[in-house]
Peer 1: 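Dumping the structure here so I can ask a few things about it.
All chains are named by letter (A, B, ...) in the order of the sequence lines, taking the proteins before the strands, and each is independently numbered beginning at 1. What's counted below: heavy atoms across the whole structure, side chains too, no hydrogens, waters or symmetry copies.
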Amino acid sequence: MKENQTEQASVLPDEEIIALYWKRNEKAIQATDDKYHNYLYTISYNIVHDRLDCEECLNDTYLGTWNSIPPKRPNVFQAFLAKLMRNISVDRFRKNTAYKRVPSEMMISLEEMEQCMPQGISANNEVEVNELSALLNGFLRSLSAREQFIFVCRYYYADSVSQIASMLKLSEVTVYRDLKNARMLFAQMLREEGYRYE
Amino acid sequence: MNEKKNLALRIWDKIAEDILLRNTEKRYRLLHKKRTKKPFYIVGAIAAVLLVAILTPFVVKLFSGLGKQIPVYTGMTVSHVNQTEAVAYVPEEHVLLSGGTTTSSTGSEETTTTTKPLWNSNASPAESVYYANPEDAILITIHIDNPDAFEILSFTLNGEKYSSYMFEAGSTMEALVLKVNVGSESGIKEYTIDAIKYIDGTEIKDVRMEGDRTVKVSVAYTTLPSATVSNVEIGRTTFEANVTIYDPIDLIAMSNGEAHICLYYGVNTEPVQKQAISVGKNTVRFENLAEGGYTYRIVASYDALDRYGMLERVLKSGTFVNEPSMTLTITDVDSANMTVSYRISAVNKDFIDTVRVELLEKGNDVPVAFYENDLSQTTFYNLKDANEYQIRLTYSYDRGDGKGEQSFSVMTDYFLSSITISDTFGTITKGFSEDVSIFNQTTSDYRLHLGVDIAPAGDDLNVYANLPGMIAQIWEDPHMGICVSITNGKYTLCYKNLEKDSLTVSVGDTVNFGDVIARMGQSATLEKAEPPHLHLEVVYNGLVIDPETFFN
């Protein structure tokens, strides 16, 4: 209990951290780092697979947070940070993959997800991408809570299969099978919507 | 990153907030679960569950694992991709790096198989090597002894992980096929398999590795040595030239190879001379060359990793001819019966590029007949009577001296076409007789007849010149009447018994074959009793001869 009390004293509750941002108190960033450093670092490393890049993405995330709050006041601070960190890391990942293959979990998960992508859709076409995103959201809602969680962790956060299995206390085989089935269902759904595949 | 991966990334930009929030919170919670003290009975229950959970796999394994064989990796093979099917190479059929054929200068082939590979002196003879060209797609087949058909999950090749969905169509649980591109760099590329995972029930396990873990693919070199030849000088018995060998990536040196220039005489396959040369500029000189045509070949031995191994390859070749072997001559010119035959002598006619034989009339440079690139023709026909001609031979060939094809020409002396006298002017009614007297109708006695009498053809009493030449003399003979002679300096034709005042020529006139010179008459007192006719005599070297010997 004593340890727990000590641990709790070293990190501030999210509401207090957000209040520091609103007061433009620079301790807000330190407080954020104290509480979420490892969490955010893991999100970034899954994607960019490079310690230096992770540190830079982390700094960019803190800067982005400082610039966003105010006017924003996130309801769930860790979700806000996670999304921001993920987006910044994905941008860095895109830049890096322009000239070399990044051996990260994100690359592997993209190679899996690539199997579901239909032919002839450009990633630069906003209209088509929005349509696909809408279909993805619909698909995710059709999954069970566990299947949805596995799918989001794998293809949004690029968590490894072993990480997901560890979180859910499942075997890796089960996670593999869930992912494989979900990908097949998604592809089938897109086919029924009229999308073409090779 | 390709378009599909980009798309797979982008579609998550618009993930629904509620879905993201719900799962992010859950994820955070699961990652940062706090441990709390539980009551003893709960701890006991958990311990019991854990014990069962720990022991169950062993029990399951004990019963389910009985009789099942762990999959064993036995090796890898490589095949090429073509449009219809992948052609598999079994290791025994492959040529080791040290193998291949060597070609001697005689052109014969012999296969050498040593056990020392060229590039890796530590490699064992058992290692198989596969050959590919840059940017080739190859199929790597991973062979697994898997009698119980365990599902293979993934494997790691050269540090990269390949999951089951990445295997090529047609893969089985005993033969996993992966398609890879060998890349653009030449050289030996190694593919090493690190680990293979399979599923046994609910566990992921490692396949036992027993076969060779590495396979090598030789990617052929495309930047190969070449050579140029310049400043060629050909003497009567010598050949000299600058030879430059270019080897941008030092293939010859890397292969411990050599370069030579070899000289071949005619169509012989053994070189008559050979000189070693090196990469870069060389001055080459061959001496004591006999007359004739030669071929030179610049060769270098190297291994281009193109499955042929260490091989002597031709970088450049050329031909040249040593003077004066290529002089052509016209011999044995023989003119008879309005034709002329000849012979052309030459050595090494195969090196001649063009040849033209022309028949020219004296004073005229335009040929009346010719043969082009046909040395089988040796006769010209339909020459004019007693006309002067000559034969001109023009030929060309490349001496290999850098000046390209050059032309040469030879001419014969003038020769005369053979003489003939046509009997188209009528019918011979009385022949030549210089030994036996024959009856003379006019004198009613027997006399020698030193010419031929020719009756007119129908009503045509014209007398036609049948010898091109000059009117030498016109006279009135007391016995043979009006006479005209035509001469060409060698022969003289005398036309007698002509009609008075019918001459159309004068002394000194030049006449051609067929010109009208007079009309047949009865001016000869010795032949007056006979109808009008021509009396024709032929004189050669001052002697009267039988005109019929010259009629065609």
Peer 1: State yes or no: are the ring centers of A/F77 and B/Y28 separated by less than 6.0 Å?
Peer 2: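 Centroid distance A/F77-B/Y28: not below 6.0 Å, so no.
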Peer 1: Once rounded to the nearest 0.5 Å, what's the spacing between atom CZ of A/F80 and atom CG of B/L21?
Peer 2: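 So the CZ of A/F80 and the CG of B/L21 are separated by 12.5 Å.
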Peer 1: If only atom types and distance count, is the side chain of B/E3 paired as donor or acceptor with the main-chain N or O of A/A123 below 3.5 Å?
Peer 2: yes
Peer 1: Cut-off 3.5 Å, side chains only: do B/S163 and A/Y176 have a donor facing an acceptor?
Peer 2: no
Peer 1: For B/E185, I'd like to know if atom CD has over 12 heavy atoms of other residues, nucleotides or ligands within 6.0 Å.
Peer 2: no
Peer 1: Determine the option with the most heavy-atom pairs under 4.5 angstrom with chain A, choosing from B/N6, B/L20, B/L30, B/T24.
Peer 2: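 Looking at each option in turn, the highest pair count goes to B/T24.
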Peer 1: Parallel, tilted or perpendicular, judged at 30° and 60°: which one describes the rings of A/F151 and B/W12?
Peer 2: tilted
Peer 1: To the nearest 0.5 Å, tell me how far A/M167 CE sits from B/L31 CG.
Peer 2: 5.0 Å
Peer 1: Please rank A/M107, A/M106, A/E126 by heavy-atom pairs under 4.5 Å with chain B and give me the top one.
Peer 2: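 Option with the top pair count is A/E126.
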Peer 1: Tell me, yes or no, whether the heavy-atom count around B/M209 atom CE, taken from other residues, nucleotides or ligands under 6.0 Å, exceeds 12.
Peer 2: yes
Peer 1: Looking just at side-chain N and O atoms, do A/N124 and B/R10 make a donor-acceptor pair shorter than 3.5 Å?
Peer 2: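 Checked: A/N124/B/R10 side chains show no N/O donor-acceptor pair below 3.5 Å.
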Peer 1: Tell me, out of A/R141, A/M113, A/E172, who's got the most heavy-atom pairs with chain B below 4.5 Å.
Peer 2: A/R141
Peer 1: To the nearest 0.5 Å, what is the distance between CG (B/N23) and CG (A/L140)?
Peer 2: 8.0 Å
Peer 1: So is B/R27 actually on top of A/Y157's ring, under 6.0 Å and inside 45° of the axis?
Peer 2: yes
Peer 1: Heavy-atom pairs under 4.5 Å with chain B - which of A/N75, A/L110, A/I121 has more of them than the others?
Peer 2: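 The answer is A/L110.
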Peer 1: Rounded to the nearest 0.5 Å, what separates atom CE in B/M166 from atom CD in A/E112?
Peer 2: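 These two atoms lie 8.0 Å from each other.
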Peer 1: Please classify the contact of A/D159 with chain B as side chain, backbone, both or neither, using a heavy-atom distance under 4.5 Å.
Peer 2: side chain
Peer 1: If you count heavy atoms of other groups shown closer than 6.0 angstrom to CD of A/E26, is the number above 12?
Peer 2: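 No, because the 6.0 Å sphere around CD of A/E26 holds 12 heavy atoms or fewer from other groups.
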Peer 1: Hey, what do you get for CD (B/E17) to CG (A/N137), rounding to the nearest 0.5 Å?
Peer 2: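 Those atoms lie 10.0 Å apart.
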Peer 1: Name the member of A/S122, A/P118, A/A82 that forms the most heavy-atom pairs with chain B at distances under 4.5 Å.
Peer 2: A/S122
Peer 1: Find out whether A/V129 and B/L7 are in side-chain contact, i.e. whether some heavy atom of one side chain is under 4.5 Å from a heavy atom of the other.
Peer 2: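 Result yes, sub-4.5 Å side-chain heavy-atom pair found.
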Peer 1: From A/L136 CG over to B/I11 CD1, what is the distance, rounded to the nearest 0.5 angstrom?
Peer 2: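 Taking CG in A/L136 and CD1 in B/I11, the distance rounds to 4.5 Å.
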Peer 1: Just so I understand: if I count every heavy-atom pair under 4.5 Å between each of A/Q148, A/K169, A/E131, A/Q115 and chain B, which residue has the most?
Peer 2: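 Maximum pair count with chain B is reached by A/Q148.
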Peer 1: What part of B/I199 lies closer than 4.5 angstrom to a heavy atom of chain A: side chain, backbone, both or neither?
Peer 2: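 For B/I199, side-chain heavy atoms alone lie under 4.5 Å from chain A.
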Peer 1: Under a 4.0 Å threshold between the charged nitrogen and the carboxylate oxygen, would B/K4 count as salt-bridged to A/E114?
Peer 2: no
Peer 1: With a 4.0 Å cut-off on N to O distance, would you call A/K83 and B/D13 a salt bridge?
Peer 2: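 Judged by the 4.0 Å cut-off on N to carboxylate O distance, A/K83 and B/D13 do not form a salt bridge.
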Peer 1: I'd like to know which of A/Q163, A/E128, A/K180, A/R86 tops the heavy-atom pair count under 4.5 Å against chain B.
Peer 2: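 Looking at each of A/Q163, A/E128, A/K180, A/R86 in turn, A/R86 comes out on top.
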Peer 1: Between A/E105 and B/K161, is there a side-chain N and carboxylate O pair less than 4.0 Å apart?
Peer 2: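 B/K161 and A/E105: not salt-bridged.
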Peer 1: Validate the cation-pi geometry between A/R183 and B/Y165: distance from NZ or CZ to the six-membered ring centre under 6.0 Å, angle to the ring axis within 45°.
Peer 2: yes
